[in-house]
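Quick caveat: nothing in here was measured; it's all calculated off a predicted structure. Numbering of ligands and ligand atoms starts at 1, following listing order.
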Amino acid sequence: MKAMVLEEIAPIGTSPLKPVELPDPQPGPGEVRLAVRCCAICRTDLHVIEGELPREKLPIIPGHQIVGVVDKVGPGCRRLEVGRRVGVAWLRHTCGECSFCAAGRENLCEYSRFTGYHADGGYADRTVVPEDYAYEIPAAFDDLSAAPLLCAGIIGYRALKRSRLPNGGRLGIYGFGSSAHVVLQIAQHRGCEVYVATRGEKHRELARRMGAAWVGQNAEDMPVKVDSAIVFAPAGELVPPALAALQKGGTLALAGIYMTPIPEMDYEKYVFYERNIHSVTANTRADGRQLLAEAARVPVRPHTTTYPLADANRALQDLKNDRINGTGVLVMWRRGSDR
Ligand SMILES: [Zn+2]
Ligand SMILES: [Zn+2]
């Protein structure tokens, strides 16, 4: 198979992903192998490649928003058969036994493992996934629309839950990338107004086109008090203004896996009146299934920019430099091609 492999942590500007030919991986017990059709890119891939996350497996094939078709089934699989289209997300293992797993909070499992970080991911023609962690993709989505849902969508959905947005309420969004543009569509479908503050002019344009109630450049300019808010940008300095724009009793969710330091805050001005801060850590498989089901009812239509697999470095450079609107997707297969 063809793959883009990271051998050493390095800035994405140095194009550290190298194209290689590898033997096809073989599914072990309880695993299925996919012929990958496409894989969306994610800011977490950048954090893995550039070393903001602790170094784990190297060399590694990144990529954790994978859409593919099962082409081989390992021993002991019960649910999936060859030919089934499935998605692979960030979460790929939990222990099932720790106190968090036992309480239905497997996103906090002490022993969780992640795709494209602890195990090879989807920047490749083939990938292997534990059957229990593969999602069936609703027919409402073509491959390109499904891929961004598998991390941007799921994490956005978990952040939306954690923001406790009431139906018909007002949602503030800070940073308008891949997750945010999925969340906006779901929130609007629930009858909510969405207010977007984001630095990039292209991102503001997309938010306007998607029918945001207000779009601006600065977090400080939020024109109303919102019931709930989500900070998607990995920028701690957004936390105080986002709290200041919350209605009493409102909730701010912090969606990032990484954030720069949060500045000191005055308690009365930013936190008192029962304003809540909820961080968001990974997701449960139930989050993933719920997101796919609700997104199919909307139906969510992610805005995508496609790249061939060999251009993975360029795609991630574009992501880092805010040149992608919506989600970048590496494409390995299209209808009518020979696979
Ligand atoms: Zn556990
Ligand atoms: Zn991700």
Side-chain angles (χ1 to χ4, degrees), residues 4 6 12 17 36 38-54 56 60-67 87-123 127 129-130 132-135 146-160 162 175-183 230-234 253-259 279-288 291-292 295 302 304-305 312 315-316 318-320 324 326-330:
M4 294 296 283
L6 178 76
I12 194 63
L17 296 171
V36 178
C38 60
C39 181
I41 63 171
C42 172
R43 204 162 277 281
T44 301
D45 300 336
L46 278 174
H47 297 326
V48 170
I49 292 165
E50 299 195 314
E52 276 107 359
L53 292 181
E56 291 285 343
I60 183 81
I61 300 172
H64 58 268
Q65 305 191 80
I66 308 164
V67 175
V88 182
W90 177 239
L91 185 70
R92 74 182 289 116
H93 171 79
T94 54
C95 75
E97 288 170 4
C98 70
S99 61
F100 299 106
C101 283
R105 304 165 78 195
E106 65 182 3
N107 60 306
L108 299 177
C109 176
E110 305 277 5
Y111 306 97
S112 48
R113 294 171 71 80
F114 303 109
T115 307
Y117 185 44
H118 297 109
D120 284 334
Y123 289 15
T127 196
V129 63
D132 289 347
Y133 290 80
Y135 297 90
L149 298 177
L150 291 162
C151 182
I154 293 175
I155 292 299
Y157 192 75
R158 173 115 198 142
L160 189 61
R162 296 279 291 156
F176 198 72
S178 191
S179 277
H181 94 294
V182 172
V183 164
I230 306 173
V231 172
F232 285 107
L254 308 179
I257 191 170
Y258 166 83
M259 183 174 256
S279 69
V280 178
T281 299
N283 63 278
T284 64
R285 282 170 283 177
D287 293 328
L291 172 270
L292 289 169
T304 54
T305 304
L316 288 163
D318 286 352
L319 174 63
K320 182 160 186 180
I324 297 179
T327 312
V329 185
L330 305 177

Output yes when a side-chain donor or acceptor of Glu106 lies under 3.5 Å from a complementary backbone atom of Gly96, and no otherwise.
no

Answer whether the closest heavy-atom distance between the side chains of Asp132 and Arg285 falls below 4.5 Å.
yes

With rounding to 10 degrees, what does the angle Cys95:SG / the Zn ion (ligand 1) / Cys101:SG come to?
120°

Are the side chain of Asp120 and the backbone N or O of Ile61 linked by a donor-acceptor pair below 3.5 Å?
yes

Side chains of Tyr133 and Thr94: any donor to acceptor distance under 3.5 Å?
yes

Strictly under 2.8 Å of the Zn ion (ligand 2): which protein N/O/S atoms qualify?
Cys42 SG, His64 NE2, Cys151 SG

Return yes if some donor-acceptor pair links the side-chain N/O of Glu56 with the main-chain N/O of Tyr117 below 3.5 Å, else return no.
no

Within the distance-only criterion (no hydrogens, no angle test), does the side chain of Asn107 pair as donor or acceptor with the backbone N or O of Thr281 below 3.5 angstrom?
yes

